[in-house]
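Bear in mind that the values here come from a model prediction, so they are computed numbers and not experimental data. Throughout, a chain's letter reflects where its sequence line sits, starting with A, and its residues are numbered from 1. For the numbers below, each heavy atom of this structure counts, side chains included, while hydrogens, waters and symmetry mates do not.
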Amino acid sequence: MKTASVIVDVAAMQTDRPFDYEIPDRWREVIQPGMRVIVPFGPRHVQGFVLDVKEETEGRKLKPIIEPMDIVPVLNEELLSLADWLTIESLCFKISALQVMLPAAMKAKYSKVIRKTGEQPIHPEMETLFNNREEIPWEEAADAGKLAHIRKEVKNGSLEVIYSVKSKGRKKTVRMVKCTLSDTELSETVEIMAKNAVKQKEALLFFSGRTNQWLTLKETGISSATAKALIEKGYLQEKQEEMYRDPHSGQDFESDTPLVLTENQKEAITPILDAINEGTSGTFLLHGVTGSGKTEIYLQSISRVIEKGQEAIVLVPEISLTPQMTERFKRRFGNDVAVLHSGLSIGEKYDEWRKISRNEVKVVVGARSAVFAPFQNIGLIIIDEEHETSYKQEENPRYHARDVAIQRSAFYNCPVILGSATPSLETYARAKKGVYTLLSLESRVNDRPLPAVDIVDMREELREGNRSMFSRSLFDKLKDRLEKGEQTVLFLNKRGYSSFIICRDCGYVAGCPNCDVSMTYHRHRHQLKCHYCGYEELAPSVCPECGSEHIRHFGTGTQKVEEELLKLLPQARIIRMDVDTTGTKGAHERLLRKFADKEADILLGTQMIAKGLDFPHITLVGVLSADTMLHLPDFRSSEKTFQLLTQVSGRAGRHTLPGEVVVQTYTPEHYSIQLAAEQNYESFYQQEMMMRKMGGYPPFYYLALITVSHEEAVEAASAANKIVTKITPSLSPAAVILGPVASPIARINNRYRWQCLIKYKREPNLTDVLKEVLEHYSKKGKSNGLMVSIDIHPYVLM
DNA sequence: AGCACGCCGACT
DNA sequence: GTCGGCGTGCTC
């Protein structure tokens, strides 16, 4: 008997292992590892992934596979073994590792219906529920509160429950027709057709000269009613043809040709091309300031890979995955490029994924999950803006795209390029140690000077009586740009895009009733919303604590900046970009387009405007509050501040006009601000490494974060304590365990959270020990209401 | 995760 | 005496 071992789509500790199934004879030659199948699992049907196919000798009685969901495997051997690796590295369930590699369209959609068997009469009460139908959806019975009745009827055999499994997304098809007659037959047929069949005759005549050719119904211009009649008469044949949805329909990309590289670029690209040619794995850090021409190096490296008959993956942060950016790849590589980003519909992503899987494209440009692109012969993986934290997934499987890229490159013996102007400390340290190869692009293409940076001490401004959010320096420069007709970008370095609500009399802050966080205020609907649990309520107009009417939204949101700006400079045309103004699809693009077309003088926004903007008329960049994120309880806050300020400064003067940058701050002496102004990465690196060494943080130590949650604070705390006691003896004395302490966000969704942080250098046992912890608490904790989550190499410590 | 089974309290 | 609450254990 041929059998398959299958991972079922049930994410739980107890089901996190393969289950064996019989392969029915009709699928003997079809079912292969890497395919999705539908299998019976207990009383229901679920999706599963075939890991292995084998010939079984011992005569176990196994349930047979119900049917395959794919004709060809959706995961190749490399991806299957990558899933093994990911499962171990990130401590996730195998099923999560498999699912993350596929587009959402391929996730299973489950439904249940209750059907009459017809063998026995059913209870009159049931008849009313069925209301003359043969089957009804499960939900309908559940809503009617009849599940207990149903169960009884199922037992005595008068009803049955049918479980169905489908893929979420579907292939898009188009109806095609062809005329089966020869040209002579065609004209004869038209002769003998009824006089009143005008449309049908017209339709047939359309085919003269092109019979036996498949054409889409649309191309023929025939109505579906006419087509139906002709098909019935046997003159036409029809079929459904699979087609791709085209997110770029109607767009033409002018092709471009490789640029001539500068000496600097040539030096940097040579080792990469050598690695590609020789087929050796290895990680390169391409360190170059904005405007130093990293992208051209990517493009030419990819060209080499394509010439060699291999494929390339390019990862970019979601936020900079703009058409502006992807166009560059489309222009160079034309139809060989697939693009994967969150703006695509589920169906569009599915189509792009299939193009990759079928090798119809050579290059994929996409965000984090594109690192799993199902190519068969990868020649290069590029991660642009390597330092971006969005490469780390914050839900299971908690993977970092950089680690996955390096793992895949080892399989394919191909290089990885990490590109950044401000590499993460971890990466730069590895490059210095020689683990990665450091390639530096020292100069900007065309040797354009870096913009002059003016750091303004806002404490000084206040002392001298300027209480506005604009320093005199920034304000003067703003006015000057307005007069000259040049453009300005104002950057609000702040995470809370919307503000919170505070009472000016008693200091009450509107917090979420379920979580220990303040809720954010959404002006358009006058609502308060919790970003952790989704709770919403109407914003109060009087303080619920003291009854004061002086309760209002507070915090310098972009809206507030805009208001003040309009007061001071009423003639300024402002585009505001934040969550409120970019909510609708394509709004982001539209606003940027407007700014590019010089329909506005000032672009005001948050994080989202820091990347990829490249407009010739920007000559001033203002950072309103450079240090807001510096004071977050996060050991990476200096690094993030430095990266952001460096990034933002790079926006000014990228073209012929010289640029200026004004950075407003309350801590002008801080090294991350000073060194960002100088664009001095090397010194920042030295300084920050010292801080990390003192604090015992990466890259000197690795981190693992354990978070325990429970409805009762005491339970969470005691479990966290027990976990620490349990793991301490299993680790070497060099490991440091911090905590347990209450999490910085002590409660989410009415669950209290405690955490402990493990700092370690070399702990070969660690994942095993942590896995034991998870197993232990999944058994015992379930009845107890306890939840344990573990994040290896965390980026969010809250 | 579901889903069934099974064992105890509150009702006709 | 039954209905239905949710603790327990299993799913090839």
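- Atom CZ of F49(A) and atom P of dC12(C) are 18 Å apart (whole Å).
- For H710(A), there are no ring-ring contact (aromatic ring centres under 6.0 Å, His included) partners two or more places apart in sequence or in a different chain.
- A pairwise comparison of heavy atoms in M798(A) and I745(A) identifies CB-CD1, 4.2 Å as the closest pair.
- For the pair K107(A) NZ and dA1(B) P, the interatomic distance rounds to 13 Å; values are reported in whole Å.
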Listing, residues 39-55 of chain A side-chain donor-acceptor contacts under 3.5 Å, not counting sequence neighbours, or none:
residue : atom : partner : partner atom : Å
H45(A)  : ND1  : Y163(A) : O            : 3.3
Q47(A)  : NE2  : M106(A) : O            : 3.1
E55(A)  : OE2  : M1(A)   : N            : 3.4

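- Between K63(A) atom NZ and dC12(C) atom P there is a gap of 4 Å when expressed in whole angstrom units.
- Applying the 5.5 angstrom centroid cut-off and the 30 degree plane-angle cut-off, the aromatic ring of F41(A) is stacked upon the base of dT11(C).
- Between M13(A) atom CE and dA1(B) atom P the separation is 11 Å, expressed in whole Å.
- Following rounding to the nearest Å, Y110(A) (OH) and dA1(B) (P) show an atom-to-atom distance of 14 Å.
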Tabulate protein N/O versus nucleotide N/O from nucleotides 3-8 of chain B, keeping only pairs under 3.5 Å, one per line.
residue : atom : partner : partner atom : Å
dC3(B)  : OP1  : K112(A) : NZ           : 3.0
dC3(B)  : OP2  : K112(A) : NZ           : 3.0

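- dA1(B) atom P lies 9 Å from atom CD of Q14(A), rounded to whole Å.
- Among residues at least two apart or in separate chains, ring-ring contact (aromatic ring centres under 6.0 Å, His included) pairs with a member in residues 124-151 of chain A are H123(A)-H149(A).
- Look at CD1 on I65(A): it is 11 Å from C1' on dC12(C), rounded to the nearest Å.
- Rounded to whole angstrom, the span from the NZ atom of K152(A) across to the P atom of dG4(C) amounts to 8 Å.
- No engagement by P18(A) is indicated, since no non-hydrogen atom pair under 4.0 Å with the nucleic acid exists.
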Please list, one pair per line, the donor and acceptor atoms closer than 3.5 Å that link side chains of residues 404-411 of chain A to other protein atoms, with sequence neighbours excluded.
residue : atom : partner : partner atom : Å
Q407(A) : OE1  : W85(A)  : NE1          : 3.2
R408(A) : NE   : E78(A)  : OE1          : 3.4
R408(A) : NE   : E78(A)  : OE2          : 2.9
R408(A) : NH1  : V371(A) : O            : 2.7
R408(A) : NH1  : A373(A) : O            : 2.9
R408(A) : NH2  : E78(A)  : OE1          : 2.9
R408(A) : NH2  : A373(A) : O            : 3.1
S409(A) : OG   : I406(A) : O            : 2.8

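- Legend: residues meeting side chain to side chain contact (heavy atoms under 4.5 Å, CB included) with N721(A), ordered by chain and number and at least two apart, are P740(A).
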